[in-house]
Number of protein chains: 2
Amino acid sequence: MTRSRTQADGSRAPTSADVARLADVSQTTVSQVLNGKAGITRISAETREKVIAAAARLGYTPNHAARSLRQRRTKLIALVLPTLDNPYFSDVVNAAQEAARERGYAVTVMPIREGDGFRASSLLQGAACDGIIVAGHENCASPELRLLQARGLAVAVLQEQSPDPAISSISVDLEAGGHLATRHLVALGHRRIGHVTERLRPAANGMSRIDGYRRALAEAGLAFDPALVVVTENSMAGGATGAERLLATEGEPATAAFVYNDQLAVGALARLRERGLLVPRDFAVVGFDGLAVGGFTAPPLTSVDSPRGTLGRLAAEVLIRAIEAGSPMAETHRLPVRLLVRGSCGGQEPGDPPP
Amino acid sequence: MTRSRTQADGSRAPTSADVARLADVSQTTVSQVLNGKAGITRISAETREKVIAAAARLGYTPNHAARSLRQRRTKLIALVLPTLDNPYFSDVVNAAQEAARERGYAVTVMPIREGDGFRASSLLQGAACDGIIVAGHENCASPELRLLQARGLAVAVLQEQSPDPAISSISVDLEAGGHLATRHLVALGHRRIGHVTERLRPAANGMSRIDGYRRALAEAGLAFDPALVVVTENSMAGGATGAERLLATEGEPATAAFVYNDQLAVGALARLRERGLLVPRDFAVVGFDGLAVGGFTAPPLTSVDSPRGTLGRLAAEVLIRAIEAGSPMAETHRLPVRLLVRGSCGGQEPGDPPP
DNA sequence: CTGAAAGCGCTAACAG
DNA sequence: CTGTTAGCGCTTTCAG
């Protein structure tokens with residue numbers, strides 16, 4: 001009973017060897033009992049009891065690093081988010097976490113600011129997790145992703161279409177959302193409809209919000225007017241200045257706007273109010289995401305609702321599939337969206353519109 | 001040159017042995033070059049070059065699990081949050097991350113729902129990280145925390161006073177905040193001031209928002225009326241029903257409320273509006289947190305601003321100090337707050353009030 | 001049904 | 001200035 005290497009505070013996390021000693025069995029047996037697959041019963045009931053009791057008495061938990069090293073598997077998934085200040089990801093993370101847990105994986109969130117270029121990637125490269133789900137424009141577009149994938153890390157991209165077809169992507173149908181939102185405004189009689197958006201990406205492939213916006217305009221016989229597209233920063237403040245700029249646009253003024261996301265839309269609503277415009281009487285707004293906050297704005301925000309739970313769950317499932325396949329099988333999923341009609345467009349009272 | 005164990009896709013993450021072979025040196029040398037402390041130069045410039053070149057050529061990144069196992073240190077800090085749907089923590093996390101990075105640590109976020117009882121704690125117990133910063137009522141109060149600390153994990157509690165004096169705590173001065181908010185309302189002439197709050201915790205130790213609320217009332221010679229304290233759920237919807245209940249209270253009606261946090265306050269503002277009350281003319285509201293969203297509500301929300309960046313940075317510093325000391329030194333920090341006057345109380349235009 | 005031995009990839013002692 | 005050796009804690013053959 002050599003009790004070596006004590007910590008500064010006198011204790012030391014118990015190891016499987018400690019458990020083995022206490023239960024008077026081998027480490028192998030401890031491992032077998034504690035990780036025993038249901039099927040294979042190579043352990044007697046009596047031994048099993050002893051081991052379990054010993055483990056419980058010591059409060060034993062397997063050392064994560066040792067196990068990961070040995071198994072070349074961490075059972076850990078990282079969700080890479082650009083920021084935590086948009087509650088959009090809350091539901092996504094919860095659902096991903098739940099789906100992962102069912103399969104024996106844990107989910108952890110790594111905030112990596114857009115443009116930081118995966119500076120934290122020593123962790124990712126170093127196989128600190130088995131796979132990553134990546135969100136955020138730049139992060140998703142990063143060429144480093146395919147390097148990570150080549151290193152054996154499973155990669156899935158969330159809410160963006162990856163430029164790289166070899167990388168899995170789970171997103172909602174942004175184009176359909178843009179179309180739905182814009183069509184809604186058209187149906188309410190608007191003919192000068194603006195679009196407030198985050199910086200436009202060059203790699204537009206006909207799959208983004210603005211494409212749906214343009215399609216709805218075209219279908220209604222309305223010309224696309226670049227002067228009505230305002231690019232701004234992705235924040236509430238950005239939404240406010242976006243609205244401001246839209247109002248200041250030359251030519252016939254806009255009477256409505258389809259806004260990139262609810263975060264921006266909250267800012268836009270505030271600025272419209274400050275400028276003395278009454279929404280929806282003087283101006284209509286549609287957001288995107290279907291955030292809870294939209295139920296509490298003045299007026300409540302009509303928005304394209306995205307199935308965040310399904311998105312998160314699916315992302316986890318796809319990723320785990322790839323991890324367990326051992327090879328990078330790319331899957332692409334595009335989930336449908338629906339219009340969540342609240343009060344910011346007028347015309348109808350809260351309730352679901354006809355499809 | 002035995003190239004063994006290829007992955008399904010034919011590649012394999014390079015190891016330090018691979019680098020050593022390529023550079024024609026020993027693994028030790030590779031390790032020394034790549035982790036070399038600035039001071040100790042036991043490596044010739046030439047060798048260093050060779051190693052660095054080889055590592056670069058292979059795209060070598062040290063294996064996290066192996067390194068952690070060997071060093072008994074992960075250089076990883078987990079921030080345990082109850083949910084991601086309150087943007088409050090965004091700044092906290094960013095600041096913590098920055099402070100940690102300066103010291104060579106990475107920060108990861110683990111969402112653990114309140115009441116889940118650290119179910120994910122196999123990771124925490126298993127030494128998957130060196131320390132944790134815990135937020136959320138129940139999580140902070142969990143007795144498991146001291147177990148984790150006993151296991152050698154550094155623990156710091158955020159924004160709550162830990163019931164356990166042996167655990168570090170970094171929070172803002174909630175009592176002062178409650179006092180500041182309530183005094184502001186008193187100064188504006190309100191005499192029936194309600195308080196909408198999340199469930200009250202038994203362990204009230206004179207340090208929470210409500211204590212400051214009561215102190216300000218007392219100082220103004222106003223009686224504390226339990227009928228004006230409404231307990232509700234921690235969400236925007238909860239804030240709405242809280243406001244509702246406050247309006248329905250019997251006795252002389254409230255004309256103002258100090259609300260637990262901005263999330264709740266957003267909901268409260270919305271419900272007041274729906275009920276036809278004009279804020280601040282008919283009712284005044286003060287929130288807590290100083291979130292960005294408060295700048296975009298109708299009217300903009302006056303709130304007790306909390307130094308979230310400092311909080312996060314300090315938490316990381318305290319934790320890292322504890323990690324590197326090797327023993328659980330408890331530190332308690334309570335940061336000051338200030339009133340952020342916007343429009344939801346009237347009386348003065350946006351701008352800082354006199355202290 | 002159980003144990004002994006090997007080794008995951010890395011770094012820290014200790015020799016030279 | 002560099003290499004050899006050992007071992008972190010675990011799981012996994014392989015023998016019994």
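Lettering of chains follows the sequences in order, A, B, ..., and the numbering in each one begins at 1.
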- prompt: When B:Leu81 is tested against each of B:Ile133, B:Val109, B:Val134 for side chain to side chain contact (heavy atoms under 4.5 Å, CB included), which residue passes?
  reply: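 With B:Leu81 as partner, B:Ile133, B:Val109, B:Val134 yield a single side chain to side chain contact (heavy atoms under 4.5 Å, CB included), made by B:Val109.
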
message: Test side chain to side chain contact (heavy atoms under 4.5 Å, CB included) on B:Tyr105 and B:Leu319; report intermediate values, then the result.
response: CA-CA 11 Å; B:Tyr105 287 76; B:Leu319 198 71; over 6 Å; no

Does the side chain of [X] get closer than 4.0 angstrom to OP1 or OP2 of [N] through an N or O atom?
X	N	value
B:Thr29	D:dG3	yes
B:Thr15	C:dG9	no
B:Thr47	D:dT2	yes
B:Asn35	C:dT11	yes
A:Ser16	D:dG9	no

Let me know the distance between [atom1] of [X] and [atom2] of [N], rounded to the nearest Å.
X	N	atom1	atom2	answer
A:Arg73	D:dG9	CZ	C1'	20 Å
B:Arg67	D:dG7	CZ	C1'	17 Å
A:Leu58	D:dC10	CG	C1'	16 Å
A:Lys50	C:dT2	NZ	C1'	11 Å
A:Gln27	C:dT2	CD	P	16 Å
B:Arg70	C:dC10	CZ	P	13 Å
A:Gln125	C:dG9	CD	C1'	16 Å
A:Gln32	D:dG9	CD	P	21 Å

- prompt: Just wondering, more than 12 heavy atoms not from B:Arg146 lying within 6.0 Å of its CZ?
  reply: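 Open.
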
- prompt: Does a distance-only test, which skips hydrogens and angles, find a donor-acceptor pair under 3.5 Å between the side chain of A:Thr28 and the base of D:dT11?
  reply: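 No, the side chain and the base share no sub-3.5 Å donor-acceptor pair.
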
query: If you look at every strand shown and take non-hydrogen atoms under 4.0 Å, does B:Ser68 touch a base, only sugar-phosphate, or nothing?
result: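 Since no nucleic acid heavy atom lies under 4.0 Å of B:Ser68, the category is nothing.
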
Between [options], which one does the side chain of [X] approach most closely?
X	options	answer
B:Tyr60	C:dC8, C:dC10, C:dT11	C:dC10
B:Leu69	C:dC10, D:dT12, D:dG9	D:dG9
B:Gln71	C:dG9, C:dT11, D:dT12	C:dT11
B:Ser26	C:dT11, D:dT4, D:dC10	D:dT4

query: Would a 4.5 Å heavy-atom cut-off, applied to side chains only, mark B:Met329 and B:Ser168 as touching?
result: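 No; the side chains remain at least 4.5 Å from each other.
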
message: Under a 3.5 Å cutoff, is there a donor and acceptor pairing between the side chains of A:Thr28 and A:Ser31?
response: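 No - no donor-acceptor pair under 3.5 Å links their side chains.
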
